[in-house]
Amino acid sequence: MSNREIADIFENLYDILSADEKSKFEALAYEKAARSIGSMSVDVSDIYSMEGISGLMKIPGVGRGIASHIIEYLKTGKIQKYEEIKDKYPIDFQNLFKIEGFGPKKAIILYSKLGVKNLNDLKKAAENHRIRDIPGFGEKSENLILKNISMLNSLGGRILLYDGLTEGKKIVKYLKNSDLIKQCMIAGSTRRMRETIGDIDILATSSDNKSVMDLFTEFPDVKSVVVKGDTKTTVLLNIGITCDLRVIDDHSFGAAMQYFTGNKDHNIKLRKISIDNNYKLSEYGLFYNDKNIAYDRDEKFIYNKLNMDYIPPEMREDRGEIELALQHRIPELIELNDIKGDLHVHTVESDGLNTTAEMIEAAINKNYIYIAVTNHTKSLKVANGMSDGRFMEYFDKIDEIGKKYKIKILKGAEVDILKDGSLDLEDETLKRIDCVVASVHTGMNMPEEDMTDRIINAIKTNKINILGHPTGRLINERPPYNTDINKISEYCEKYKTAMEINASPERLDLNDENILKTSKYNIYYSIDTDSHNIYGYDFMELGVGTARRGWLTKNRVINTMDLNNLIKFLKK
DNA sequence: GCCGTTTTCGGCCCGACTGTTTTCAGTCG
């Protein structure tokens with residue numbers, strides 16, 4: 001019984017109810033509840049068993065009515081209201097909505113007139129030209145439906161942050177190259193550093209919108225143009241997601257950045273606060289008596305005018321940051337510049353692609369003052385894991401190489417945590433290591449209790465400094481191990497073991513939610529790139545972004561320390 | 001259906017784009 005199932009039901013109720021003007025606002029209520037429940041880390045069944053209906057009613061957007069639906073679902077596995085409405089409209093809304101420009105009203109009209117229930121029905125109806133004669137539709141919308149159905153196949157869903165960020169930067173650079181454009185920046189979920197990106201939002205200012213839109217649609221990575229207007233143009237990119245470009249007047253740039261960065265819930269709350277303060281907030285400015293007081297001002301001005309601290313983009317998810325800002329308690333988040341080194345790096349000795357010297361020189365180019373070289377240990381054969389003997393020889397080599405450089409090379413290893421929680425190196429070897437990263441790489445499907453014990457046993461050896469990629473998930477590929485993250489946090493606190501925020505694009509592990517959860521404990525974090533070549537160091541931006549999404553300050557992150565303090569920490 | 005320092009009723013973010021209209025409805029973010 002998961003929050004997801006309940007959120008999906010409410011999401012479907014929203015889809016169906018919002019087609020009817022009379023139940024528009026009731027629909028919105030279900031949507032809000034769905035978003036709340038879908039994003040909660042605590043299980044609603046736990047809330048109900050501990051606090052009953054009043055506990056459920058504390059969830060934002062959940063009142064007595066929706067709370068009763070939740071209880072009904074927990075008890076019977078069904079919600080009567082949903083079952084009835086589903087019988088009336090047996091429509092596969094979720095898939096139909098993947099068609100650009102297709103929403104609840106059109107879905108219900110085509111169901112009642114033509115019996116269209118799903119994508120297949122829709123395609124057949126369009127192919128047989130039965131849609132063009134329905135009032136409100138025409139030849140163009142029929143053709144668009146066919147075009148968009150075929151386009152669906154080339155859409156890849158959400159892509160990794162790194163891929164979105166790379167493409168976004170490329171587009172910004174391309175646009176900025178033209179003298180048509182004054183300011184240009186990435187907005188949306190990419191700017192908020194969400195771990196996956198559904199589309200790229202870019203904002204530009206210009207006095208010649210039309211030419212900018214032409215330039216944009218001529219960008220080489222554009223596969224097709226979805227919509228093209230004077231202020232907004234959407235294109236489909238070759239990488240399988242869409243990109244929105246909004247062009248606005250230069251004087252509105254601050255307000256527009258605020259608006260287009262989102263997220264939606266954050267903005268809705270901000271607009272309500274604006275109204276309470278007799279302002280009106282839009283992408284064009286902050287208006288008081290129809291006068292734009294945010295003319296030529298930045299985002300910070302807008303937040304401050306609303307009596308709030310400035311909220312960094314990565315925090316804008318409506319997870320309590322607005323309330324915190326109103327109390328002027330927004331923390332000073334860690335920044336990329338605070339990072340003084342990387343404590344999880346591989347070389348050719350195990351499965352890296354660059355030599356130790358190459359990795360050291362690339363770290364110097366990043367202005368780091370230390371790195372830890374952490375190759376795999378023997379049981380990880382697929383990664384050319386090193387035996388104790390090879391480590392000892394390698395450490396002699398590092399002592400030798402280290403003399404040549406100003407940067408401090410810490411002797412390290414990414415030690416496998418074996419099934420019983422013991423470490424994959426002899427004590428003699430471990431004693432010589434400055435920085436021990438310990439990670440699970442095998443037997444990932446253990447039951448929760450066993451996996452939790454396994455990791456805790458490793459921490460209790462008191463020989464590890466950093467718990468590597470603590471949940472083991474791979475974005476869009478592999479779920480996290482079954483663990484009790486709270487229990488693990490308790491032991492990390494007790495044994496001064498830092499939790500890793502692994503910055504490689506497909507990991508981002510811990511993720512933002514787990515950082516928010518675990519940072520209640522008095523524990524430290526290490527933001528590492530897990531680089532396997534010299535380019536891997538660039539992933540640090542993603543790790544810091546993830547840490548900022550988890551509201552972390554610099555003093556919680558060990559690789560912001562100077563060398564002396566870091567060594568003190570590593571020695572426990 | 002939810003919500004409340006304008007609190008138990010009357011609101012519920014706001015503007016752009018498109019297609020089908022002839023002034024607007026539906027959709028999107």
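All of these numbers come straight from a predicted model, not from anything done at the bench. Sequence lines set the chain letters: A, B, ... in the order given, protein chains first and strands last, and positions in each chain run from 1.
The side-chain contact (heavy atoms from CB on, under 4.5 Å) test with Phe137(A) is passed by exactly one of Arg132(A), Arg130(A), Lys113(A), Lys106(A): Lys106(A).
Between His251(A) and Tyr295(A), the ring planes are parallel. Angles under 30° get that label, and only those over 60° would be called perpendicular.
For Lys140(A), whose side chain is taken as the heavy atoms from C-beta onward, the closest listed nucleotide among dG1(B), dT20(B), dC13(B) is dT20(B). Comparing dC12(B), dC14(B), dA16(B) by their nearest atom to the side chain of Ile275(A) picks out dC14(B). In this structure, the nucleotide among dG1(B), dG29(B), dC13(B) sitting nearest to the side chain of Arg246(A) is dG29(B). Set against dC13(B), dG15(B), dT18(B), the side chain of Glu283(A) has dG15(B) as its closest nucleotide. Counting only heavy atoms from C-beta on, Asp244(A) has its side chain closest to dG29(B) among dG29(B), dG26(B), dC14(B).
Between Lys106(A) and dG26(B) there is no side-chain N or O to OP1 or OP2 distance below 4.0 Å. The side chain of Ser282(A) contributes no N or O atom lying less than 4.0 Å from OP1 or OP2 of dC13(B). Residue Lys280(A) places at least one side-chain N or O closer than 4.0 Å to OP1 or OP2 of dG15(B). For the pair Thr231(A) and dG15(B), the criterion of a side-chain N or O lying under 4.0 Å from OP1 or OP2 is not met. Checking the phosphate oxygens (OP1, OP2) of dA16(B), a side-chain nitrogen or oxygen of Tyr284(A) falls inside 4.0 Å.
Checked by distance alone, Tyr259(A) brings a side-chain donor or acceptor within 3.5 Å of a matching partner on the base of dG29(B).
In this entry the distance linking NZ of Lys147(A) with C1' of dG19(B) reads 14 Å, nearest Å. Between the NZ atom of Lys24(A) and the C1' atom of dG26(B) there is a distance of 11 Å, given to the nearest Å. Regarding Ile145(A), its CD1 atom lies at a distance of 12 Å from the P atom of dG19(B), rounded to whole Å. If you measure from atom CG of Leu286(A) to atom C1' of dC13(B), you get 14 Å, rounded to the nearest angstrom. Here dC28(B) presents its P atom at 12 Å from CD of Glu31(A), a figure rounded to the nearest Å. Distance, Glu26(A) CD to dG10(B) P: 19 Å, rounded to whole Å. Remark: C1' of dG26(B) and CD1 of Ile108(A) are 13 Å apart, rounded to the nearest angstrom. Between the CZ atom of Arg35(A) and the P atom of dC2(B) there is a distance of 15 Å, rounded to whole Å.
dT5(B) sits 23 Å from dG1(B) when the P atoms are compared, rounded to a whole Å. When the C1' atom is compared between dG10(B) and dG15(B), the two are found 24 Å apart, to the nearest whole Å. To the nearest whole angstrom, the two C1' atoms, one in dT22(B) and one in dT18(B), are 16 Å apart. Going from the P atom of dG11(B) to that of dC17(B) covers 30 Å, rounded to whole Å. A distance of about 14 Å separates the P atoms of dG26(B) and dT20(B), rounded to the whole Å. The same atom, C1', is picked in dC3(B) and in dC13(B); the two are 16 Å apart, to the nearest Å. Here, dG29(B) and dT23(B) have their P atoms 30 Å apart, quoted to the whole Å.
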>> Between Ser504(A) and Asn502(A), is the side-chain hydrogen bond (donor to acceptor under 3.5 Å, both in side chains) condition met? List the steps.
In response: CA-CA 6 Å; Ser504(A) 52; Asn502(A) 189 300; 2.8 Å; yes
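Residue Ile66(A) is in sugar-phosphate contact alone, with no base atom involved, counting any heavy-atom pair closer than 4.0 Å across all strands shown. Contact annotation for Pro104(A): backbone-only contact, meaning every heavy-atom pair under 4.0 Å involves sugar-phosphate atoms and none involves a base. Note on Glu139(A): only backbone sugar-phosphate atoms sit closer than 4.0 angstrom, heavy atoms only; bases stay farther off. At a threshold of 4.0 angstrom between heavy atoms, the contacts of Lys228(A) are confined to the sugar-phosphate backbone, with no base atom among them. Leu144(A) comes within 4.0 angstrom of no nucleic acid atom, judged by non-hydrogen atoms across all strands. The residue Lys105(A) sits close only to the backbone: its heavy atoms come under 4.0 Å of sugar-phosphate atoms, none of a base. Across all strands, Asp199(A) comes closer than 4.0 Å to no nucleic acid atom at all (heavy-atom distances).
When the nearest nucleotides of DNA chain B are assigned to Asn267(A) and Gly229(A) by heavy-atom distance, the more 5′-ward of the two goes with Asn267(A). Nucleotides of DNA chain B nearest to Phe260(A) and Ile134(A) differ in position, and the one nearer the 5' end is that of Ile134(A).
Interatomic distance, CG of Asp538(A) versus OG1 of Thr529(A), reported as 9.0 Å (0.5 Å rounding).
With a cut-off of 3.5 Å on both pairing distances, the Watson-Crick or G-U wobble partner of dG11(B) is dC2(B).
Geometrically, Lys300(A) does not engage Tyr310(A) in a cation-pi contact defined by less than 6.0 Å to the ring centre and at most 45° from the axis.
A donor-acceptor pair under 3.5 Å is formed between the side chain of Asp309(A) and the backbone N or O of Arg329(A). With hydrogens and angles ignored, the 3.5 Å screen pairs a side-chain donor or acceptor of Thr76(A) with a backbone N or O of Glu72(A).
Note: Tyr162(A) and Phe539(A) meet the aromatic proximity criterion, with ring centroids under 6.0 Å apart.
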